Amino acid sequence: MAFDFIDDVLSQRNAQHLLRQRVVVENVTGRAITVAGKAYLNFASNDYLALGDKPLAGHNERSGSHSSPLVTGYHASHRELEKRFCELLGYEAAMLFASGFSANVSVLKALFNDAPEGFIVQDKLNHASLIDGGLQSNAQMQRFNHNNIAHLQARLSKSKSCNKLVVSEGVFSMDGDCAPMQELRATCDQHHAWFMLDDAHGFGVLNEGLGSARDVKPDILVLTFGKAMACNGAIVLAKNNVIDLLLQANRDYIYSTAVSPLQCDVVSQRLTQLLNAHQEREHLAQLIRYLRKQCEHAGLALMASETPIQPLVVGDSESALEMQQALRKKGIWLSAIRPPTVAQNTARLRITLSAAHTFEDVDTLVSALEQCR
């Protein structure tokens, strides 16, 4: 029978403790989550500044854009939001997308649509959207060892392409560590390569909210709104001619209904809140230091991260799932991250902190981790 393989694939993944399933969330804040009528401390959210808990002013914008951006879907609200991000971060032009995944994949495909002998070099731990975009592009793609500038240098030195692009994340989503921005920029300049950065987890949190790229300007910067901004969508910032090229070749943008004016209003309000969230960023930084100190005292070896993403490597997928379930019985909600999202034998509990958490919440978490390890 056709597609008989589906049940075999699902059974195999289940036996390997890799089967993914959705959970219905009844209520969620930066600090707590309710599932199946039970409340938990929430250590699995990307709402780092707890802006999702803040109210928004009444919306007067339309809920739909009515068309794709190149037909009648590009409204004044889109232009004003793009302009605001450009002025904030020092770019000539920008383009809004419905999601960060769509932005990353489509930009890499479109950029190399007509590029002769394109060459992409990506950090080995880059997000799936960046890897997929590189694989689907017309460029040759290689990967360099995580944050290893010497390996990147070697990759670039061997390439004869005149159209080279280095791609990295600002904060890596599964490890929580930061890219060496100064070294990446210098290496790109040395080899006449462009630098593309996805700062999904850095923007809003690092450098007074301006993210990983505050002091080092990538040629192409992608920001997503679903993390510290606590809403949806993404924006790509670059030179005028790059955005003009994307208008010609980016199929995801050309053939999708534009982001709604209502969503633009939400993003604009969240951006204002984010830029003013100085106390939240300071409290978050204190929580990060406190968690790491308490885990060290408890003999819990967190990975080297100074961001809200604090992974605790468990090893095999079965053990990670067992620990996740044991923590839920103690009222702690966090995620067990397993292959293929992370490498084999590095399954982990991905702890994420929010400015909504208290020091007492961190104590509760560490105590539960001690009991469940």
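Along the sequence shown, residues are numbered consecutively beginning with 1. Source: prediction; values computed, not measured.
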Under a 3.5 Å cutoff, is there a donor and acceptor pairing between the side chains of Glu183 and Thr187? no
Any donor-acceptor pair under 3.5 Å linking the side-chain atoms of Thr307 with those of Ser305? yes
Determine whether more than 12 heavy atoms belonging to other residues, nucleotides or ligands lie under 6.0 Å from atom CZ of Arg251. no
Proximity of His283 and Phe359 rings by center, below 6.0 Å: yes
Distance in Å, Gln269 CD paired with Cys231 SG, rounded so as to fall on 0.5 Å steps: 10.0 Å
Looking at Arg185 and Asp219, is there a salt bridge between them, counting it only when a charged N and a carboxylate O are closer than 4.0 Å? yes
Side-chain donor-acceptor pair under 3.5 Å between Arg289 and Gln286, yes or no? no
Among Leu327, Ile33, Ile332, whose side chain to side chain contact (heavy atoms under 4.5 Å, CB included) with Leu41 holds? Ile332
For the residue pair Thr341 / Arg20, report whether a side-chain donor-acceptor contact shorter than 3.5 Å exists. yes
Glu322 and His17: CA distance, side-chain angles, deciding distance, side chain to side chain contact (heavy atoms under 4.5 Å, CB included) verdict: CA-CA 10 Å; Glu322 289 176 351; His17 308 284; over 6 Å; no
Near-ring test Phe85/Tyr91, centroid separation under 6.0 angstrom: no
Find the distance between CG (Asn241) and CD (Glu92) and round it off to the nearest 0.5 Å. 7.5 Å
Mind checking whether Val266 and Leu274 sit in one hydrophobic cluster, side chains of I, L, V, M, F, W, Y counted as touching below 4.5 Å? no
Check: Thr358/Asp361 side-chain N/O donor and acceptor closer than 3.5 Å: yes
Using a distance-only test with no angle check, is there a side-chain donor-acceptor pair under 3.5 angstrom linking Asp53 and Thr29? no
Measuring from atom CG of Leu197 to atom CG of Leu130, what distance do you get when rounded to the nearest 0.5 angstrom? 9.0 Å
Supply the atom-to-atom distance Gln324 CD to Arg338 CZ, rounded to the nearest 0.5 angstrom. 7.0 Å
Between Ser129 and His127, is there a side-chain donor-acceptor contact under 3.5 Å, judged purely by atom types and distance? yes
So how far is it from Asn163 CG to Gln140 CD, rounded to the nearest 0.5 Å? 12.5 Å
Let me know which of Leu111, Asn250, Val107, Asn113 forms a side chain to side chain contact (heavy atoms under 4.5 Å, CB included) with Leu245. Leu111
For the CZ atom of Arg214 and the CG atom of Leu89, what is their distance to the nearest 0.5 Å? 11.5 Å
Do Asp175 and Arg348 meet the salt-bridge criterion of a basic N to acidic O distance under 4.0 Å? yes
